[in-house]
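Worksheet for the structure shown next.
Hydrogens, waters and symmetry mates play no part in the numbers below; they use all other heavy atoms, side chains included. Keep in mind that this is a model prediction, so the values were computed, not measured.
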Amino acid sequence: MVKRAALCALLGGLVFWAGAAAAQQNDYGGYNIVGSLEASERNYGSARGWSVRSANDRGRFAYCVGAYNNNGLALRIGTDGKQWQLAVPGRSSPEWEGKLNVDGDSRFAAGTAVGNWTIAWLRLDELDRLAKGKHAELSNSTAYYSFPLTGTAATITKIEECLERKGNLTSAPLPPQTSAPSAPQSSKPSSLPGLGELKCFSKATGPYLCRVTDLPPEPGYHRISQIEPVEAPKLQSFYIKYGDGTAEVWTARSGDQSWAYLGVWGFGSANNCIAPVGYGAQTAEAQKNLDTRDWDICVQDH
């Protein structure tokens with residue numbers, strides 16, 4: 001069962017509303033997930049095609065939100081820690097009542113409106129069925145929005161993680177290995193195909209032999225890998241959490257006492273290469289650790 005909440009949806013629904021944004025602190029003292037704070041949102045991660053972001057209000061945490069925008073379909077789902085919300089494009093009255101239909105099961109819904117967005121307040125009992133559903137329709141006296149439900153569970157999990165960390169990637173627990181990287185194993189891992197000794201490459205080091213080990217997955221990530229140099233122990237090891245379209249990366253050298261966070265990385269023209277999404281888009285800690293070096297890492301078969 002979904003612990004807290006969230007409606008979601010993706011991919012080519014019937015869209016009868018359109019509009020742009022306008023987030024503000026609301027009547028219950030929390031924050032709407034659309035509005036003036038959108039411009040300050042920082043990237044937190046991704047999940048099943050959704051972009052997960054966080055926003056602050058004058059240095060104070062405001063909300064975490066998952067956003068989807070593709071092929072004319074725009075959706076936002078998130079929470080400020082007080083109320084889960086679903087936002088869809090379209091004008092409604094500030095206090096509207098209507099219906100939320102999931103797979104033919106239509107129930108009462110209510111919410112508010114901000115600019116050209118309609119916000120539905122999401123109860124906990126709704127969120128579980130929305131996460132498990134295939135298609136939803138949101139309607140009131142003035143508007144109708146129909147959309148498939150895709151990526152819900154992964155997006156909610158990522159948003160919950162974001163909420164627990166107040167949107168701060170650097171507050172995430174360090175990878176399991178918090179001391180210096182262990183010495184290379186004497187035999188190749190055999191738990192998954194394609195692992196073991198491979199060829200790594202970076203612009204800073206050129207090609208070198210590396211060992212790739214896949215670790216147990218975590219919610220919100222479809223793969224977690226550790227990459228260690230085999231014959232050049234002075235080179236860096238990498239700890240990588242792969243999401244959909246982006247990855248979070250840590251690094252360490254032999255003798256380091258902890259992993260250094262390198263921020264959010266994206267995939268380059270070659271699927272086996274990743275590099276930081278941009279210096280200015282990273283957290284302060286990641287910017288410090290990235291320094292001025294031109295970072296990247298590629299892994300390929302021999």
For the atom pair CG (D57) and OG (S40), what is the distance rounded to the nearest 0.5 Å? 8.0 Å

Verify, without hydrogens or angle tests, whether N140 (side chain) and T142 (backbone) share a donor-acceptor contact under 3.5 angstrom. yes

For residues E126 and W84, determine if any side-chain heavy atom of one lies less than 4.5 Å from a side-chain heavy atom of the other. no

Any donor-acceptor pair under 3.5 Å linking the side chain of D296 with the backbone of K203? yes

Hey, are the side chains of T112 and N26 touching, using non-hydrogen atoms and a 4.5 Å cut-off? no

In short, T155 meets G66 closest at the heavy-atom pair CG2-CA, 4.3 Å

Starting at CD1 of I224, measure out to CD1 of I240 and round the result to the nearest 0.5 Å. 11.0 Å

Would you say the side-chain atoms of T251 pair up with the backbone N or O of S237, donor to acceptor, closer than 3.5 Å? yes

Apply side-chain contact (heavy atoms from CB on, under 4.5 Å) to residues Y145 and L73 and explain how you reach the verdict. CA-CA 10 Å; Y145 203 80; L73 180 62; 3.0 Å; yes

Taking it one step at a time, do C298 and C200 satisfy disulfide bond (SG atoms under 2.5 Å apart)? CA-CA 6 Å; C298 303; C200 284; over 6 Å; no

Compare all side-chain heavy atoms of Y68 with those of W50 and state whether any distance is below 4.5 angstrom. yes

Same apolar cluster (I L V M F W Y, side chains within < 4.5 Å links), I227/F201: no

Do I274 and I297 have side-chain heavy atoms sitting under 4.5 Å apart? yes

Flag the pair L75 / I77 as yes when at least one side-chain heavy-atom distance between them is below 4.5 Å, and no otherwise. no

Answer yes or no: is there a donor N or O on one side and an acceptor on the other, between the side chain of S46 and the main chain of S51, under 3.5 Å? no

Basic-acidic side-chain contact under 4.0 Å: E161, K241: no

Any sub-3.5 Å donor-acceptor pair from Q85's side-chain atoms to Y31's backbone N or O? yes

Yes or no on salt bridge (Lys or Arg N to Asp or Glu O under 4.0 Å) for R293 and D291, after CA distance, side-chain angles and deciding distance? CA-CA 6 Å; R293 175 175 165 179; D291 196 14; over 6 Å; no

Using the six-membered ring wherever Trp is involved, compare the ring planes of Y239 and W250 and label them parallel, tilted or perpendicular (cut-offs 30° and 60°). perpendicular

To the nearest 0.5 angstrom, please state how far the CD atom of E164 sits from the SG atom of C64. 10.0 Å

To the nearest 0.5 Å, tell me how far L262 CG sits from E248 CD. 11.5 Å

Treating Q83 as the side-chain partner and L122 as the backbone partner, does any N or O pair qualify as donor plus acceptor under 3.5 Å? yes

Between R211 and V230, which heavy-atom pair has the shortest distance, and what is it? N-CG2, 3.6 Å

Mind checking whether R91 and N116 have side chains closer than 4.5 Å, heavy atoms only? yes

Does the pair K82/D80 count as a salt bridge with the N-to-O cut at 4.0 Å? no

Can a donor-acceptor pair be found, under 3.5 Å and without considering hydrogens, that links the side chain of N289 to the backbone of Y261? yes

Are the side chain of T118 and the backbone N or O of G90 linked by a donor-acceptor pair below 3.5 Å? yes

Exercise: identify the closest heavy-atom pair between R76 and I33: NH2-O, 2.8 Å

Between Q226 and V212, is a side-chain contact (heavy atoms from CB on, under 4.5 Å) present by the stated rule, with each step listed? CA-CA 6 Å; Q226 186 165 315; V212 180; over 6 Å; no

What heavy-atom pair brings E38 and Y63 nearest, and what distance separates the two atoms? N-OH, 3.9 Å

To the nearest 0.5 Å, what is the distance between CG on N56 and CG on N168? 9.0 Å

Measure across W96 and S139 and return the closest heavy-atom pair with its distance rounded to 0.1 Å. CZ3-O, 4.4 Å

Residues E285, K288: salt bridge by 4.0 Å N-O rule: no

Okay, side chain of N43, backbone of R53: is any donor-acceptor separation there less than 3.5 Å? no

For the residue pair C162 and S54, what are the closest heavy atoms and their distance? SG-CB, 3.9 Å

Rounding to 0.5 Å, atoms CG (L163) and NZ (K158) come to a distance of 13.5 Å

